[in-house]
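Inspection log for the structure reproduced underneath, given as structure tokens.
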Amino acid sequence: MTTTTTTAKRVFNFSPGPATLPEVVLRQAAEEMLDWHGSGMSVMEMSHRGKEYIAIQAEAEKLLRELLGVPASYKVLFLQGGAIGQNAIVPMNLLRGHAGIDFVDTGEWSLKSIKEAKKYAQVHIVASSAADGYTHVPARERWQLDPDAAYVHICSNETIGGVQYHFTPDTGQVPLVADMSSDFMSRPVDVKRYGLIYAGAQKNVGPAGVTIVIVREDLVGQALPITPSAFDYKVQAEADSMYNTPPTYAIYIVGLVLRWMQAQGGLAAIEARNREKAALLYKHLDSTSFFFNPVALADRSLMNVPFKLKVPSLDEAFLKGADERGLVQLKGHRSVGGMRASLYNALPLSAVAALVDYMKDFEARHGG
Ligand SMILES: *Cc1c(COP(=O)(O)O)cnc(C)c1O
């Protein structure tokens, strides 16, 4: 048998998601593709009821609980349907007889959650940075919270706008719910401050196809009668996320990524590296007027850095030159334009250094 991965030519991939994964994880998956640990099967071919797969999923959950410090009073669920699916599934499960949900609106992903929740509940936008072009997180003191709301929903990192919470808002007795899709497992989080955390895996912890939900036990068990059984947290919690067939291969890869994260020193070490990467890019953006990032300093994202050229007509040349250097997926979201560099866990510091070098070169050739 021959392996084909040893000479792979890899680019620096700044994709916002699905995103770059640790090369060692991809190599291990390739090695185990045909015969997982002497089972004679690929993980893709295993029954989810078999002892091999059950061990794989249990290991992924154990690592996740250890790395993030998930208290025993929280359920960890591996579901399908993406974070966008959760925009409906969370209200169905968490309304619990309440009429309304409070939302903080910090950008495109907040708006998607708001729009979907309106199908199931009264929605109150308690604070919004829309009037400022979504360039900051509204200060907690300005949120007009309803003490009777089912929960308060935030998006901890706006993947498109590049705005991130660098504080955990206090919502009193009302549970805090966070869409953490694009900063999940990128830094330590005090899970007990949240009622529920959800995230698609495809930014920081694996491939597309699995959605991770971490939910406080006492919030589970009062889903609306219309809730599909496969999306009823209680049903899935009681079945260890195997009420229906879970996305087995995606969960296996998540397990490998989590093991890699552990080897990196855990979340504090990963956060330190993420800060170093982001600082390198922001420092350069702030050192020149040729490029700029519009986000308030205190709320800048460590994960997604949107930036623009002073002269937008150079965008295409910038992106083409980047591609030629193996710096790919830097095009900004269509709603924002310009560029966006996503700096997820698996992106190495050397990728950011290469990007900054290229930006300097490009400016020298086209700038002032
Ligand atoms: C990527 C992303 C989503 C969408 O996730 P899907 O898996 O496509 O449903 C939702 N919210 C945020 C913050 C994201 O970054």
Side-chain angles (χ1 to χ4, degrees), residues 13-21 77-93 101 103-119 128-130 134-137 151-166 168-169 176-187 189 194 196-214 228 230-231 241 246-247 249-251 253-254 257 274 278 295 299-306 329 331-336 340-347:
N13 179 1
F14 295 88
S15 170
T20 190
L21 287 167
L77 305 176
F78 296 103
L79 304 177
Q80 307 197 48
I84 289 181
Q86 291 301 315
N87 285 339
I89 297 163
V90 174
M92 284 185 195
N93 279 273
I101 306 167
F103 278 85
V104 179
D105 170 26
T106 48
E108 302 257 349
W109 287 111
S110 296
L111 285 176
K112 277 219 168 68
S113 298
I114 289 165
K115 193 172 158 213
E116 191 73 4
K118 280 183 179 165
K119 296 179 182 174
S128 173
S129 53
Y134 291 126
T135 50
H136 71 278
V137 175
Y151 57 90
V152 180
H153 182 282
I154 64 169
C155 175
S156 59
N157 183 67
E158 288 282 356
T159 321
I160 295 171
V163 172
Q164 185 176 29
Y165 282 73
H166 295 290
T168 308
L176 176 63
V177 169
D179 177 357
M180 283 196 192
S181 292
S182 54
D183 64 358
F184 186 61
M185 306 294 278
S186 70
R187 58 182 177 178
V189 161
Y194 296 82
L196 185 148
I197 291 167
Y198 64 95
Q202 71 270 23
K203 282 40 185 290
N204 267 317
V205 292
V210 58
T211 316
I212 295 163
V213 173
I214 301 171
F231 295 136
S241 306
Y249 198 77
I251 293 168
I253 300 291
V254 168
V257 172
N274 286 335
V295 179
D299 303 324
R300 283 173 161 182
S301 172
L302 303 180
M303 295 281 100
N304 311 96
V305 183
Q329 302 276 355
K331 195 174 165 65
H333 190 268
R334 60 189 180 280
S335 67
V336 183
R340 170 175 49 172
S342 296
L343 315 179
Y344 298 124
N345 292 349
L347 188 87

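Residue indices begin at 1 and follow the sequence shown. Whatever order the structure lists ligands and atoms in, that order sets their numbers, starting from 1. Excluded from the calculations below are hydrogen atoms, water molecules and symmetry mates; all remaining heavy atoms, backbone and side chain alike, are included.
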Within a distance under 4.0 Å of any heavy atom of [X], pick out the atoms of ligand 1 and give their elements.
X	answer
G82	7 (O), 9 (O)
T159	12 (C), 13 (C), 14 (C), 15 (O)
K203	1 (C), 2 (C), 3 (C), 14 (C), 15 (O)
S181	2 (C), 10 (C), 11 (N), 12 (C), 13 (C), 14 (C), 15 (O)
I84	4 (C), 9 (O)

Contact check, side chains of [X] and [Y], non-hydrogen atoms, under 4.5 Å:
X	Y	value
V336	Y134	no
L302	L343	no
V213	L196	yes

Give a yes-or-no answer on whether the side chains of [X] and [Y] include a donor-acceptor pair shorter than 3.5 Å.
X	Y	result
N13	Y344	no
N345	S186	no
E108	S335	yes

**Asked** Does the pair Y165 and N157 meet the rule for a side-chain contact (heavy atoms from CB on, under 4.5 Å), with working shown?
**Response** CA-CA 6 Å; Y165 282 73; N157 183 67; over 6 Å; no
**Message:** Please check whether A83 reaches ligand 1 - meaning an N/O of the residue sits under 3.5 Å from an N/O of the ligand, judged on distance alone.
**Reply:**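 Yes, A83 has an N/O under 3.5 Å of an N/O on ligand 1.
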**Message:** I want to know if ligand 1 touches G81 in the polar sense, i.e. an N/O pair below 3.5 angstrom.
**Reply:**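 No, no N or O pair falls under 3.5 Å.
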**Prompt:** What is the closest protein heavy atom to atom 4 (C) of ligand 1, and at what distance does it sit?
**Reply:**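 Among all protein heavy atoms, the one nearest atom 4 (C) of ligand 1 is W109 CH2, 3.5 Å.
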**Prompt:** Among protein heavy atoms, which lies nearest atom 11 (N) of ligand 1, and at what distance?
**Reply:**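 The answer is D179 OD2, 2.7 Å.
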**ligand 1-proximal atoms of K112, by part, heavy-atom distance under 4.0 Å** =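 No part of K112 is near ligand 1 at this cut-off.
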**Message:** Using a 4.0 Å heavy-atom cut-off, which part of Q202 comes near ligand 1: side chain, backbone, both, or neither?
**Reply:**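 The answer is the side chain of Q202.
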**Item:** Sole candidate of T106, D179, D183, T168 that passes side-chain hydrogen bond (donor to acceptor under 3.5 Å, both in side chains) when paired with S156
**Value:**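 Passing option: D183.
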**Request:** State if N157 counts as touching ligand 1 under the rule of any non-hydrogen atom under 4.0 Å.
**Result:**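 Yes, N157 has a heavy atom closer than 4.0 Å to ligand 1.
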**Asked** Does C155 come within less than 4.0 angstrom of ligand 1, counting non-hydrogen atoms of the residue?
**Response**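 Right, C155 reaches ligand 1.
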**Asked** Would you say the side-chain atoms of R187 pair up with the backbone N or O of N274, donor to acceptor, closer than 3.5 Å?
**Response**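 Flag not set: sc R187 to bb N274 has no pair under 3.5 Å.
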